[in-house]
Amino acid sequence: MFTDKLILRIPGPTPIPPRVQLAMSQPMIGHRSGKFSALFARTAERLKPYFGTTQDVYILAGSGTSALETGVVNTLQPGDEAAVLISGAFGERFAKICERYGVIAHRLEVPWGEAVTPELVEAFLKEKPQVKAVFATYCETSTGVQNPIAELAKTIRTHSDALFIVDAVSCLGAVACEMDAWGVDIVVTGSQKAFMLPTGLAFLAASERAWKVIEANKPLAFYLDLKAYRKSLADQTTPYTPAVSLIFGLAEVLDILDEEGLPAIIKRHELMRDMTRAAMRALNVNLMAEDAYAAATVTSCDPQGAFDAEALRKVLTKQYNITIAGGQQHMKGKIFRIGHMGYCEPLDVLQVISAIEMSLHQIGAPVELGAGVKAAQEVLIAHV
Ligand SMILES: *Cc1c(COP(=O)(O)O)cnc(C)c1O
């Protein structure tokens with residue numbers, strides 16, 4: 001086995017295309033040089049279609065959570081109230097960030113594996129008309145649920161003046177996002193999931209409505225003050241030293257994404273989702289999310305005691321050099337999650353499914369070798 005040929009099928013960080021790896025190894029350049037400014041401004045501009053916005057996209061140096069925190073500290077004040085729609089571990093993170101800054105977080109929680117629906121949100125907002133912001137997670141990475149953001153935005157717009165702030169860290173660049181058309185106020189994401197880069201960049205776009213709030217608000221943090229980023233972007237730069245090498249990589253990523261085109265990228269992810277789900281069903285492995293809300297980027301499987309998810313993951317790593325993810329929080333040790341986003345193709349999905357079948361066989365789980373692969377192949381063939 002080649003020890004450097006690790007097959008990463010977790011929902012972030014994701015594999016990095018060789019072209020991108022190469023682009024990131026360019027010699028360092030001055031971050032205040034004309035060359036970097038031109039590249040930075042152009043790269044930020046090129047992110048807009050992936051957000052579905054004509055607004056500027058801001059690039060910060062930080063992990064995805066810094067983007068979530070930016071969404072909170074620029075729009076709210078201690079004592080303000082917010083609604084947080086929680087369908088798993090990452091929804092809860094928004095609530096915790098709010099509370100750290102003294103914002104009162106009203107949690108609308110659904111059981112893990114379920115999506116937040118417009119009906120639930122409508123009823124919740126009627127009870128809490130005072131909220132100034134509603135936070136949601138587009139793809140809830142911990143459960144493999146993709147929340148219906150367009151519908152939620154419509155409901156929130158109809159029943160409230162609150163800003164709608166969306167964590168799209170584990171799906172932007174792989175799924176549709178029409179921020180302007182849907183009426184989402186802030187969309188945030190990070191570099192290490194569908195954007196095929198190492199961790200370290202956070203992206204954020206804000207609507208005109210959101211900017212009115214941000215401009216009038218006293219930011220609760222220094223580094224994450226969006227007004228500073230806005231002032232700098234007008235001069236094609238950032239207030240603090242940008243992650244220059246990651247920007248080199250991002251420019252290359254955008255070449256790759258633009259070459260395939262967003263509609264084809266979206267279709268590829270849906271296909272990989274459908275292949276994975278068909279395979280797991282054929283193997284009698286329970287899926288956490290129902291079809292209507294299944295994430296295009298990550299599939300969460302709950303064996304419900306039929307076999308040991310951790311034993312499966314161990315064999316996959318040891319025998320096949322494949323890493324899949326386990327569960328988070330109360331699902332730790334109970335479930336497994338297969339990432340299929342970014343630099344990942346349908347044939348890669350066949351590979352991970354095949355390895356899962358063999359590993360299941362090796363841990364003594366009842367499995368018909370080839371059943372999952374066959375089901376996935378059938379989905380793939382029907383598609384081409
Ligand atoms: C990965 C992820 C984040 C960000 O996590 P970091 O570790 O800070 O990059 C936030 N939200 C979701 C839904 C995620 O999947």
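Counting convention: from 1, in listed order, for ligands and their atoms alike.
- Proximity of Tyr343 to Asp348: side-chain heavy atoms (C-beta onward) are nowhere separated by under 4.5 Å.
- Within the 4.0 Å heavy-atom cutoff, Lys193 counts among the residues contacting ligand 1.
- Side-chain contact check for Leu257 versus Ile265: some heavy-atom pair is nearer than 4.5 Å.
- Contact annotation for Ser66 and ligand 1: no heavy atom of the residue comes within less than 4.0 Å of the ligand.
- Trp211 and Tyr58 have their aromatic ring centers within a separation under 6.0 angstrom.
- At least one side-chain heavy atom of His269 sits under 4.5 Å from a side-chain heavy atom of Thr297.
- Less than 4.0 angstrom separates some heavy atom of Gly64 from each of these atoms of ligand 1: 4 (C), 6 (P), 8 (O), 9 (O).
- How far CD1 of Ile149 is from CG of Asp167: 9.0 Å, rounded to the nearest 0.5 Å.
- A salt bridge links Arg277 and Asp291; the closest N-O separation between the charged side-chain nitrogens and carboxylate oxygens is under 4.0 Å.
- Neither the backbone nor the side chain of Glu140 comes within contact range of ligand 1; no heavy atom lies under 4.0 Å.
- With ring centers used as reference points, Phe135 lies 6.0 Å or more from Phe164.
- Annotation: Asp167 places an N or O atom under 3.5 Å from an N or O atom of ligand 1; distance criterion only.
- Interatomic distance, CE of Met358 versus CD1 of Ile322, reported as 7.5 Å (0.5 Å rounding).
- Using the six-membered ring where Trp is involved, Tyr223 and Tyr229 have ring planes that are perpendicular, over 60° apart on the 30 and 60° scheme.
- Distances below 4.0 Å separate heavy atoms of Arg93 from the following atoms of ligand 1: 5 (O), 8 (O).
- Nearest non-hydrogen protein atom to atom 13 (C) of ligand 1 is Thr141 OG1, 3.2 Å.
- Shortest contact from atom 9 (O) of ligand 1 to any protein heavy atom: Gln192 NE2, 2.7 Å.
- For a threshold of 3.5 Å applied to N or O pairs, the pair formed by Thr199 and ligand 1 contains no separation below that value.
- Between Phe90 and ligand 1, no pair of N/O atoms sits closer than 3.5 Å.
- Set against the non-hydrogen atoms of Cys139, the atoms of ligand 1 under 4.0 Å away are 13 (C).
- Each of the atoms 13 (C), 15 (O) of ligand 1 lies under 4.0 Å from some heavy atom of Ser170.
- If you look at Val169 next to ligand 1, the close heavy atoms, those under 4.0 Å, all belong to the side chain.
- The closest approach between any non-hydrogen atom of Gly62 and ligand 1 is not below 4.0 Å.
- For ligand 1, the atoms sitting less than 4.0 Å from at least one non-hydrogen atom of Thr65 are 4 (C), 5 (O), 6 (P), 8 (O), numbered in the order shown with element in parentheses.
- Salt-bridge check for Lys314 with Asp308: failed, with every basic side-chain N at 4.0 Å or more from each acidic carboxylate O.
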